[in-house]
Number of protein chains: 2
Amino acid sequence: MSQAQAGDATIIDGKGFAADLRSGVAQQVQALKDQHGITPGLAVVLVGENPASQVYVRSKAKKTVEVGMESFHHHLDANTSEHELLDLVQQLNDDERVHGILVQLPLPDHIDEDKVIHTIDPQKDVDGFHLMNVGRLATGDLDNAMVPCTPLGCLMLLKDQLGDLSGKKAVVAGRSNIVGKPMAHLLLANNCTTEIVHSRTRDIAAECRDADILVVAVGKTRMVRGDWIKPGATVIDVGINRLDPEPGEEKGKLVGDVAFDEAKQVAGAITPVPGGVGPMTIAVLLANTVTATCRQHNVAEPARS
Amino acid sequence: MSQAQAGDATIIDGKGFAADLRSGVAQQVQALKDQHGITPGLAVVLVGENPASQVYVRSKAKKTVEVGMESFHHHLDANTSEHELLDLVQQLNDDERVHGILVQLPLPDHIDEDKVIHTIDPQKDVDGFHLMNVGRLATGDLDNAMVPCTPLGCLMLLKDQLGDLSGKKAVVAGRSNIVGKPMAHLLLANNCTTEIVHSRTRDIAAECRDADILVVAVGKTRMVRGDWIKPGATVIDVGINRLDPEPGEEKGKLVGDVAFDEAKQVAGAITPVPGGVGPMTIAVLLANTVTATCRQHNVAEPARS
């Protein structure tokens, strides 16, 4: 790996990539309609009035419609019983117009999230959280797994940047079930030498410094410093942290888990925050819904240009 | 980690550990009988006449009876249809005397192994191969996962040798779904910095040399040499390879994936082949059957002394 010139890291344009991906998904949706008479449908279920969840759900519904899919929105009262929610999920499992089901988390405390997730038909589990899908990803069965959106988006950015990942040393910082672990599974399936580091790791800086590919998902503001990065490495920053507002600001600035200004002096390529990984998640959700649709109808997935 | 004196590696006695584990399991079985009137039962299903499989199955049945469990043996003809085998598995799922079901692999070509494994009730899947159990292990839900026997046996040897594994650098060589990947999940769940290396890894010797804990499951005779090992490291050799017979020998010698004579000069502790990991697998199968029994009856697992 060649040493990058100081300060010349490529800034990976996740926002642009996500927009292109959504265009590609729109083409796929058109092809499914034209060639098979199928309209992919995504159902989103929201329980209660969590303001952040409401924003996410609205944004998902808007983009679902923009790519030509059918969007089914179910907003249930915060007092909805677990039984009622499970009934709704079962209805959506049985509804042929619905190919993807997303239950927005977190759910109110009186509802068992695991129980709800495991009631979703694994084939419609576009979040990839059902244990059957976790198992498929862990065993490398990518032809049948539904893969969690954020790590799959990171993988797409990496492949776009680097091409074949085979043999590269990948270090994932953070071991959450939503990002860190599925990311490691994807990197391993793509033939990377794959390592997970975490809060108990003895010398985390030294481990990171060995990575050709460094994916950071620890939820700690600017934890990864410039001298944690191997010169020329590709750095994917999954963190989204809000700083305290500066005087005169209404809201604090959004920053990642990587000290961007330092890191871009060393890295070969790096995602910014915002505008890096963040916009990928919904775009991949839509792509997952197309994948789920094609599998359920047993038709080949149309190409994305 | 202190540098070990040349040649003084502790030889890890897997055979002795496995015998102690079986004694502990026998105590648990007695306690379940005495305190709850429950006799754990393990069903083993063999299809066809594979000679190696017949040896394994006989050995499992013998040791099952030795620890006081009930052993159910089903030997089906090589021409058994998939449908008949699935019916049998369903019967065993429904049989309250059966707490663990093991279908000996490989199955004849006309039977879909995945379909058979996924017909086993995950709670009775004492091999830990069902995707629900893979998913539970991958998400760190060890209270509910059934964990594959060989990697769980390796973990037991490591904890016996080292105590708390937290913060240690663990490298797993090999990424099979039966050993390498579940081993990595177990090490991560035990707070190791965890890395998987494999045939596509660029400098596998250098990666191994960084490990405090090195688990090797690559199926290549003596691939790991002495200079791949960090002085003082704990080395677990999962490989079982048979050498060509020397003149005058009837059968070739069994050796591992690690060049033992070199490695023991460098390592702090190492498993031999034979007598290391090998004897652990059946002992852990019996321990898993007790775990499965206790979960199915919702009783606390009796202590093993």
Side-chain angles (χ1 to χ4, degrees), chain A residues 1 114 117-118 122 125 128-141 144-146 148 164-178 180-185 187-208 210-212, chain B residues 1 114 117-118 122 125 128-141 144-146 148 164-178 180-185 187-208 210-212:
Chain A
M1 181 145 299
D114 278 350
I117 289 168
H118 293 118
D125 168 39
F129 293 162
H130 192 294
L131 287 176
M132 288 296 288
N133 284 318
V134 176
R136 286 188 183 114
L137 174 57
T139 56
D141 181 11
N144 293 298
M146 294 302 312
D164 184 17
L165 307 184
S166 191
K168 296 196 187 295
K169 172 81 178 261
V171 174
V172 177
R175 52 172 163 168
S176 74
N177 288 325
I178 294 176
K181 287 181 194 168
M183 187 76 243
H185 291 137
L187 291 163
L188 186 61
N190 280 274
N191 296 320
C192 292
T193 300
T194 305
E195 176 175 346
I196 297 191
V197 300
H198 47 78
S199 56
R200 310 293 285 274
T201 292
R202 243 189 263 118
D203 186 348
I204 194 167
E207 300 294 338
C208 290
D210 205 29
D212 303 316
Chain B
M1 183 146 298
D114 278 351
I117 288 168
H118 294 119
D125 168 40
F129 293 162
H130 193 294
L131 287 176
M132 288 295 289
N133 284 319
V134 176
R136 286 188 182 113
L137 174 57
T139 55
D141 181 10
N144 293 298
M146 293 303 312
D164 183 16
L165 307 184
S166 191
K168 295 194 187 297
K169 172 82 178 260
V171 174
V172 177
R175 52 174 163 168
S176 74
N177 288 325
I178 294 175
K181 287 180 194 168
M183 188 75 242
H185 291 138
L187 291 163
L188 186 61
N190 280 274
N191 296 320
C192 292
T193 300
T194 305
E195 176 175 346
I196 297 190
V197 300
H198 47 78
S199 57
R200 309 294 284 273
T201 292
R202 243 191 262 118
D203 187 347
I204 193 168
E207 300 294 337
C208 290
D210 205 29
D212 303 318

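Naming convention: chains lettered A, B, ... in sequence-line order (proteins, then strands); numbering from 1 in each chain.
- For a residue to count as touching a neighbouring chain, one of its non-hydrogen atoms must lie under 4.5 Å from one of that chain's; by this rule D203(B) does not touch chain A.
- G140(B) approaches K181(A) most closely through the heavy-atom pair N-NZ, 3.8 Å.
- A pairwise comparison of heavy atoms in K168(A) and R202(B) identifies CA-NH2, 3.5 Å as the closest pair.
- Residues meeting the side chain to side chain donor-acceptor pair (under 3.5 Å) test with H130(B), sequence neighbours left out: none.
- In terms of heavy-atom pairs under 4.5 Å with chain B, the best-connected choice from V134(A), L188(A), V171(A), L137(A) is L188(A).
- For N133(A), the side chain to side chain donor-acceptor pair (under 3.5 Å) test picks out D125(A), R136(A), with sequence neighbours left out.
- For residues 194-201 of chain B, heavy-atom neighbours of chain A at less than 4.5 Å comprise T194(B), E195(B), I196(B), V197(B), H198(B), R200(B), T201(B), sorted by residue number.
- Partners of D141(B) according to the side chain to side chain donor-acceptor pair (under 3.5 Å) rule, which considers only residues two or more places apart in sequence or in another chain, are N144(B).
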